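A short write-up of the structure that comes next.
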Amino acid sequence: MGGKVSCTLGEVKNRADFILYWGGNPAECHPRHFTKYTIMQKGKFLPEGRKGRTMVLVDIRETMSVKAADIFLQVRPGKDFEVITALRALVKGNRVDTALVEETGLKLEQLQDLVDRMKRCKFGVIFFGMGLSMTRGKHMNSAAVLTLAAEMNAFTKFVAMPMRGHGNVAGADMVLRWTTGYPFGVNLCRGFPRFNPGEFSTVDLLVRGDIDAAFVLGADPGATMPQPGIDTLARVPTIVLDPKVTHTSRLARVHITTSVTGISSPGTAYRMDEVPLPLRPVLKSPYPSDEEVVRRIIAAVDKKTAWLPRPETMSSGVA
Amino acid sequence: MTVTITQHATCTFCGCVCDDIELHDDGVKIIKTKAACSLGTSWFLNHTAERLYPDALIDGKEASVDDAVEVAAEYLHRANMPLVYGLSNVTCEAQREAVSLAEKIGAVIDSHTSL
């Protein structure tokens with residue numbers, strides 16, 4: 001399973017007549033998503049706006065977003081993968097066991113109705129949040145929902161998009177992809193990139209205590225990681241770049257205050273649909289930008305001996 | 001007090017990255033926002049250009065940025081398996097520098113995506 005069938009939010013606004021949110025609460029976490037990009041807008045091919053669109057919400061509990069939905073499907077916690085698998089079977093017209101569907105907290109008729117609506121629409125989109133990608137099944141859930149969207153293209157136009165939380169986390173994926181070939185959890189210890197989520201992902205490295213130094217920028221793992229991970233950050237030398245003195249700064253050996261991204265420091269940020277947008281800073285900060293500080297640390301590291309064996313020494317010694 | 005009005009400012013609080021925000025600032029603080037949601041408004045109003053924190057801290061004591069950069073470079077250079085983590089609230093330009101640093105020190109580089 002690989003690849004993502006996606007589009008920009010502009011296309012969603014102008015074309016999507018079927019919008020499914022899975023494991024997210026945009027009403028409270030992305031307050032302008034409904035009004036600016038999805039259900040509330042009048043689009044080029046949807047002159048009726050909200051009336052011309054169907055919105056389905058799948059979640060484990062009733063959130064503020066339920067009020068905006070036409071259909072709410074309450075899934076039993078941890079059963080998302082089973083629901084997606086049943087949907088994929090129904091899309092292909094395969095028989096699905098009623099009892100197995102009922103274990104997920106839903107009824108077969110509800111899923112069949114959902115599949116019928118998905119097939120009937122002109123342009124469908126699935127937005128999936130951390131309620132899907134960070135619960136039981138994790139990246140397998142994301143892969144399943146992306147596959148469901150891809151398979152729906154045998155019937156109609158269908159796309160899927162993750163609801164990104166932080167301002168430029170989509171940018172982090174993009175930059176790592178074009179520099180190393182992988183989107184996150186990239187190990188450069190051997191001088192070339194290696195990718196293995198679960199082994200080289202931060203939470204696992206920290207909980208196992210595999211690292212011997214940490215450089216943190218644009219994050220506060222000291223406030224969000226599990227306790228064994230925070231203990232590792234306190235044990236090893238940790239360096240923090242942040243506009244504020246954070247929880248991580250308090251357990252770090254070095255903290256450097258930087259200017260706030262987008263308010264004081266210029267640059268580019270990627271929206272969740274991977275559209276790059278320029279930032280327009282308005283205030284002049286007394287602190288340097290993250291970019292400048294990282295560049296100065298690189299210059300200071302450059303003055304020291306390189307950690308990789310030099311070519312002239314590599315041929316001697318070890319056979 | 002002169003108020004500057006900026007059109008089409010970009011909010012980097014959440015993944016929506018709305019780029020249609022109007023900001024009113026007095027040079028030190030943003031005093032008013034238009035079009036921003038409740039999360040975006042608090043993001044803009046709570047970050048100022050005031051000097052509220054020390055330039056740098058080494059072992060919890062105030063220090064200069066120059067010294068902090070040297071100490072940071074020493075720790076990172078000495079480490080066998082350093083971790084570069086975060087990247088989600090910084091610009092792409094800063095992320096690119098962070099990848100360059102990670103390559104130089106032989107680090108694992110990761111963002112919030114892996115959580």
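This one's a predicted model, so the numbers in the text were calculated from it and none came from an experiment. All heavy atoms count here, side chains included; hydrogens, waters and symmetry mates do not.
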Could you please spell out the steps behind the side-chain hydrogen bond (donor to acceptor under 3.5 Å, both in side chains) verdict for A:D173 and B:T113? CA-CA 8 Å; A:D173 288 15; B:T113 303; 2.6 Å; yes
Is chain B contacted by the side chain of A:A214, its backbone, both, or neither, given a heavy-atom distance below 4.5 Å? both
Hydrogens and angles aside, do A:T261 and B:N89 bring a side-chain donor and acceptor to less than 3.5 Å of each other? no
B:A63 versus chain A, the contacting section by heavy-atom distance below 4.5 Å: neither
Side chain, backbone, both or neither: which part of A:P162 has an atom under 4.5 Å from a heavy atom of chain B? neither
Contact origin within B:H77 toward chain A - heavy atom pairs under 4.5 Å: side chain
Using the rule given for salt bridge (Lys or Arg N to Asp or Glu O under 4.0 Å), can you reason through B:D25 versus A:K284, listing the C-alpha separation, both sets of side-chain angles and the distance that settles it, and then say yes or no? CA-CA 11 Å; B:D25 76 273; A:K284 202 172 155 25; over 6 Å; no
Would you mind checking which part of B:L23 comes under 4.5 Å of any heavy atom in chain A, side chain (CB onward), backbone (N, CA, C, O), both or neither? side chain
Is there a side-chain contact between B:V28 and A:L283 (heavy atoms, below 4.5 Å)? no
Of the backbone (N, CA, C, O) and the side chain (C-beta and beyond), which part of B:Q7 lies under 4.5 Å from a heavy atom of chain A, both, or neither? backbone
At a heavy-atom separation under 4.5 Å, does A:M130 approach chain B through its side chain, its backbone, both, or neither? neither
Can you find a pair of side-chain heavy atoms, one from A:T257 and one from B:L52, that are under 4.5 Å apart? no
Tell me whether the count of non-hydrogen atoms from other residues, nucleotides or ligands lying under 6.0 Å of CE in A:M64 goes above 12. no
Check each atom of A:V260 against the heavy atoms of chain B and say whether the ones under 4.5 Å are side chain, backbone, both or neither. side chain
With chain A as the partner, which of B:C14, B:G86, B:A49, B:A56 has the greatest number of non-hydrogen pairs under 4.5 Å? B:C14
Taking every heavy atom of B:K104 against every heavy atom of A:I298, the minimum-distance pair comes out as CE-CG2, 3.4 Å
Among B:C18, B:A68, B:G27, who wins on heavy-atom pairs under 4.5 Å with chain A? B:C18
Under 4.5 Å from any heavy atom of chain A - which part of B:E74: both
Would you mind telling me which of B:D26, B:V71, B:L39 has the largest number of heavy-atom pairs within less than 4.5 Å of chain A? B:L39
Proximity breakdown for B:F13 and chain A, heavy-atom pairs closer than 4.5 Å: backbone
Region of B:T48 in contact with chain A, defined by heavy-atom distances below 4.5 Å: backbone
Can you tell me which of B:G60, B:C11, B:C92, B:S111 forms the most heavy-atom pairs within a distance under 4.5 Å of chain A? B:C92
Check whether B:K61 gets within reach of chain A through its side chain, its backbone, both or neither, counting any heavy atom under 4.5 Å. neither
Calculate, to the nearest 0.5 Å, the distance between atoms CZ and OG belonging to A:R164 and B:S88 respectively. 8.0 Å
Check: B:Y75 main-chain N/O paired with A:R253 side-chain donor or acceptor under 3.5 Å: no
Tell me, for B:I21 versus chain A, whether the close heavy atoms (under 4.5 Å) come from the side chain, the backbone, both or neither. side chain
Answer with side chain, backbone, both or neither: which region of A:I263 has an atom nearer than 4.5 Å to a non-hydrogen atom of chain B? side chain
Please look at B:T6 and chain A and tell me whether the side chain, the backbone, both or neither of the residue comes under 4.5 angstrom of a heavy atom of that chain. side chain
Checking A:I211 against chain B: side chain, backbone, both or neither under 4.5 Å from a heavy atom? both
Salt bridge flag under 4.0 Å for residues B:R96 and A:E291: no
Close side-chain approach of A:E292 to B:E97, heavy-atom, < 4.5 Å: no
Would you indicate whether the side-chain heavy atoms of B:M81 and A:N187 approach each other to under 4.5 Å? yes
Can you name the closest pair of heavy atoms from A:P278 and B:T10 and give their distance? O-OG1, 2.8 Å
Closest non-hydrogen contact found for A:V175 with B:Q95 is CG2-OE1, 3.4 Å
Charged N to carboxylate O under 4.0 angstrom, A:K36 versus B:D19? yes
Tell me, side chain or backbone of A:K303 under 4.5 Å from chain B's heavy atoms, or both, or neither? side chain
N/O donor-acceptor pair under 3.5 Å between A:D212 side chain and B:A79 backbone: no
Specify which of B:V65, B:N80, B:I58 makes the most heavy-atom pairs with chain A at under 4.5 Å. B:N80
Main-chain N/O of A:T268 paired to B:E93 side chain as donor or acceptor, under 3.5 Å: yes
Whatever's closer than 4.5 Å to a heavy atom in chain B on A:D302 counts as side chain
Contact between A:V275 and B:V17 at the side-chain level, heavy atoms closer than 4.5 Å - yes or no? no
Is there a side-chain contact between B:L83 and A:F215, using heavy atoms and a 4.5 Å cut-off? no
Given a strict heavy-atom distance threshold of 4.5 Å, which part of A:Y37 is in contact with chain B: side chain, backbone, both, or neither? side chain
Side chain / backbone / both / neither for A:P286 at chain B, heavy atoms under 4.5 Å: both
Close side-chain approach of A:L188 to B:I109, heavy-atom, < 4.5 Å: yes
Choice from B:A98, B:A72, B:A9 maximising heavy atom contacts with chain A below 4.5 Å: B:A72
Check B:E50 against A:Y287 and note the closest heavy-atom contact, atom names and distance. O-CE1, 3.9 Å
What I'd like to find out is whether the side chain of B:V99 reaches to under 4.5 Å of the side chain of A:T180, using heavy atoms alone. yes
Heavy-atom contact with chain B under 4.5 Å, split by part of A:L206: side chain
Contact part of B:D67 toward chain A, heavy-atom cut-off under 4.5 Å: side chain, backbone, both or neither? neither
Whatever's closer than 4.5 Å to a heavy atom in chain A on B:A102 counts as both
Is a side-chain donor or acceptor of B:D110 paired with a backbone partner of A:S201 at a separation under 3.5 angstrom? no
